[in-house]
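Only one structure is covered here, and it is reproduced in the block below.
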Amino acid sequence: QVQLVESGGGLVQPGGSLRLSCAASGFTFSTYGMSWYRQAPGKERELVAAITSDGGTTNYPDSVKGRFTISRDNAKNTVYLQMNSLKPEDTAVYYCNAQAETMQAMSHNYWGQGTQVTVSS
């Protein structure tokens, strides 16, 4: 029933831009914090962006700060990741994550299937 479906990945040149989307269904999207993670071959999965359920607060690691922007549209049950000034080091599978923020459902956590982003000339 719960689904997180990522889209928008692909091949882009260094310095280029890409916009990822994650369409959510099967849960109350507006009560969940959303985030994007990425994982490169042989590397640990790492957080690249997070946003609170109301969109009021965002968080980024230093590696992407100033280049990536997370946003959400609760009316469309969709979260986005705008990626600018892309570098080869950004190459990875990008995953969408949903985390319940209500105390009653704090253990609820969901993952999408991932979308490949390749930055190469």
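Numbers here simply count residues along the sequence, with the first being 1.
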inquiry  = Tell me whether Tyr37 shares a hydrophobic cluster with Leu20, the cluster being built from Ile, Leu, Val, Met, Phe, Trp, Tyr side chains joined at under 4.5 Å.
reply    = no
request  = Quick one: closest heavy-atom pair of Met34 and Ala98, and the distance?
outcome  = SD-CB, 3.5 Å
ask   = Is any side-chain heavy atom of Thr69 closer than 4.5 Å to a side-chain heavy atom of Tyr60?
value = yes
ask   = With sequence neighbours excluded, what pairs up with Ser53 under the side chain to side chain donor-acceptor pair (under 3.5 Å) test?
value = Glu101
ask   = Under 4.0 Å between a Lys/Arg side-chain N and an Asp/Glu carboxylate O for Lys87 and Asp90?
value = no
inquiry  = With a 6.0 Å cut-off on the ring centroids, do Phe27 and Tyr32 count as close?
reply    = yes
inquiry  = Applying salt bridge (Lys or Arg N to Asp or Glu O under 4.0 Å), can you list everything that pairs with Glu46, at least two apart in sequence or on another chain?
reply    = Arg38
query = Do other residues, nucleotides or ligands put more than 12 heavy atoms under 6.0 Å from Gln116 CD?
reply = yes
Rounded distance [0.5 Å steps], CZ in Phe29 versus SG in Cys22 = 7.0 Å
request  = Please answer: with hydrophobic residues joined when any side-chain heavy atoms are less than 4.5 Å apart, are Leu81 and Tyr95 in the same cluster?
outcome  = no
ask   = Do Thr102 and His108 have side-chain heavy atoms sitting under 4.5 Å apart?
value = no
task = Just jot down the side chain to side chain donor-acceptor pair (under 3.5 Å) partners of Asn77, sequence neighbours excluded, or say none.
result = none
query = Nearest 0.5 Å, what's the OG1-CD distance between Thr52 and Gln99?
reply = 13.0 Å
Distance-only check: which donor-acceptor pairs under 3.5 Å involve side-chain atoms of residues 5-19, not counting sequence neighbours?
from  : atom 1 : to     : atom 2 : distance (Å)
Glu6  : OE1    : Gln113 : N      : 3.0
Glu6  : OE1    : Gln113 : NE2    : 3.2
Glu6  : OE1    : Gly114 : N      : 3.0
Glu6  : OE2    : Cys96  : N      : 2.7
Glu6  : OE2    : Gly114 : N      : 3.3
Ser17 : OG     : Asn84  : OD1    : 2.9

task = Kindly indicate, with the supporting measurements, whether the criterion side-chain contact (heavy atoms from CB on, under 4.5 Å) is fulfilled by Leu47 and Ser35.
result = CA-CA 7 Å; Leu47 177 73; Ser35 58; 3.7 Å; yes
request  = Would you check, one step at a time, whether the test side-chain contact (heavy atoms from CB on, under 4.5 Å) holds for Arg72 with Ile70?
outcome  = CA-CA 7 Å; Arg72 66 190 296 157; Ile70 188 171; over 6 Å; no
key: Modelled atom types, side-chain donor and acceptor of Thr78 and Asp73, under 3.5 Å   = no
request  = State, yes or no, whether a side-chain contact exists between Met83 and Trp36 at a heavy-atom distance under 4.5 Å.
outcome  = no
task = Just do the side-chain contact (heavy atoms from CB on, under 4.5 Å) check on Phe68 and Leu86 with the steps written out, would you?
result = CA-CA 9 Å; Phe68 289 13; Leu86 283 163; 3.9 Å; yes
request  = For Asn97 and Tyr110, indicate whether the former's side chain and the latter's backbone hold a donor-acceptor pair under 3.5 Å.
outcome  = yes
key: Smallest separation among heavy atoms of Thr31 and Thr28, with atom names   = OG1-O, 2.9 Å
inquiry  = With a 3.5 Å distance limit and no angle check, can you tell me whether Ser30 reaches the backbone of Asn74 through a side-chain donor-acceptor pair?
reply    = no
key: All salt bridge (Lys or Arg N to Asp or Glu O under 4.0 Å) counterparts of Lys76, not counting sequence neighbours   = none
query = Listed by chain and number, what are the ring pair (Phe, Tyr, Trp, His ring centres under 6.0 Å) partners of Tyr94, not counting sequence neighbours?
reply = none
